[in-house]
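Remarks on the structure that follows.
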Amino acid sequence: MPELLEVEAYRRAAARLAGRTVLGVDLPDGRYLRGVEPEVLRASVTGRSVVGVRRHGKLLIVDLGGPDARGPSLGLHFGMTGRLLVDGDAAIDGLRYGPAGNRAAWVRFGLRTAPAGGLEVIDPRRLGSVRLDPDPADLGPDAATLSTAQLSAALDSGRPLKAVLLDQGAVAGLGNLLVDESLWRARIRPDRVARALDPSERRRLARTIRSTVSDLGRRGGSDTGDLQEPRDARGTCPRCGAPLSRATVAGRTTFWCPAEQV
DNA sequence: CCGGATGTTCACCT
DNA sequence: GAGGTGAACATCCG
């Protein structure tokens, strides 16, 4: 599920943890934690207070502090099937993997807090991960607030446009659905060479990415785009009625309107 | 039964 | 170095 919009919903739900103290960490799945040993993670977060919860791209960041100083932060990635429970409640409803999807066997990570509650990550396919002190340099500028200058810098590449927009190090937060929806709204083909976009296309695309993110955010998620129904039904362009094209671009299934996207 | 899926990472090519 | 491909992860859905 999680593209930027879903992780933003997770952030809102997790914001209530601010002010609580970390009691402990549950790591039922050894492979879920990356780059640091479980004991090191436990030692560095236990007893800390939750200062706040941020989001950058698809990464959820729990900032910890202490009586003394600023503390470490915890980075949560949800992959394709990760969901977040806050104090035992789903941060988002209506996701895939159904109502039975909170199965205990799929709990990959837990953060217990005082005076009560905590976080749990449920991830059937184990595509997500948890890191200590995630490096901000791994992520490009956030798609929700992407400026033309930021996009333009990211587009300095000979790769297909879609590959760049999916690259979290170039632009952070967009997934397969948001990219296709944004390109369709901006009327630009996904297989264009990124570097070849002219200045007016760059302006239009940056503006369209921001408005697509906010529009689908209001509607309720990455799967609420105008392209979603024709995508599922192999249908036609909602604007002009031409049959949508479908192909693999940058390794992902891609839909676009061959009549309008140039 | 088979292919595909809102994602990332890595090994291996060209 | 740049870029591409395919596999792996584990489960559900059509």
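In the text below, chain A, chain B and the rest are named by the order of the sequence lines, each starting its count at 1. Remember, predicted model here, so these are calculated numbers, not experimental data.
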message: Taking only side-chain N and O atoms of Thr253(A), does any of them lie within less than 4.0 angstrom of OP1 or OP2 on dA5(B)?
response: yes
message: Without decimals, in angstroms, what is the distance between Asp138(A) CG and dG7(B) P?
response: 18 Å
- request: Grab the CZ-P distance between Arg34(A) and dC10(B) for me, whole Å please.
  value: 8 Å
query: Between the side chains of Ser129(A) and Arg131(A), is a donor N or O closer than 3.5 angstrom to an acceptor N or O?
result: yes
message: What's the gap between dG3(B) and dG6(C) when it is taken at their C1' atoms, as a whole Å value?
response: 16 Å
- prompt: When you measure from the side chain of Trp106(A), which nucleotide among dT11(C), dG7(B), dG3(C) comes out closest?
  reply: dT11(C)
statement: Testing dT8(B), dG7(B), dG4(B) for proximity to the side chain of Met80(A), the answer is dG7(B)
field: Rounded distance (Å) that lies between atom C1' of dG7(B) and atom CZ of Arg108(A)
entry: 15 Å
task: Determine whether the side chains of Ser200(A) and Arg204(A) contain a donor N or O and an acceptor N or O closer than 3.5 Å.
output: no
message: How many whole angstroms separate atom CG of Leu127(A) from atom P of dG4(B)?
response: 17 Å
task: Scan side-chain atoms only and decide if Thr148(A) and Arg202(A) contain a donor-acceptor pair under the 3.5 Å cut-off.
output: no
Between Arg125(A) and Thr81(A), a side-chain donor and acceptor under 3.5 Å: no
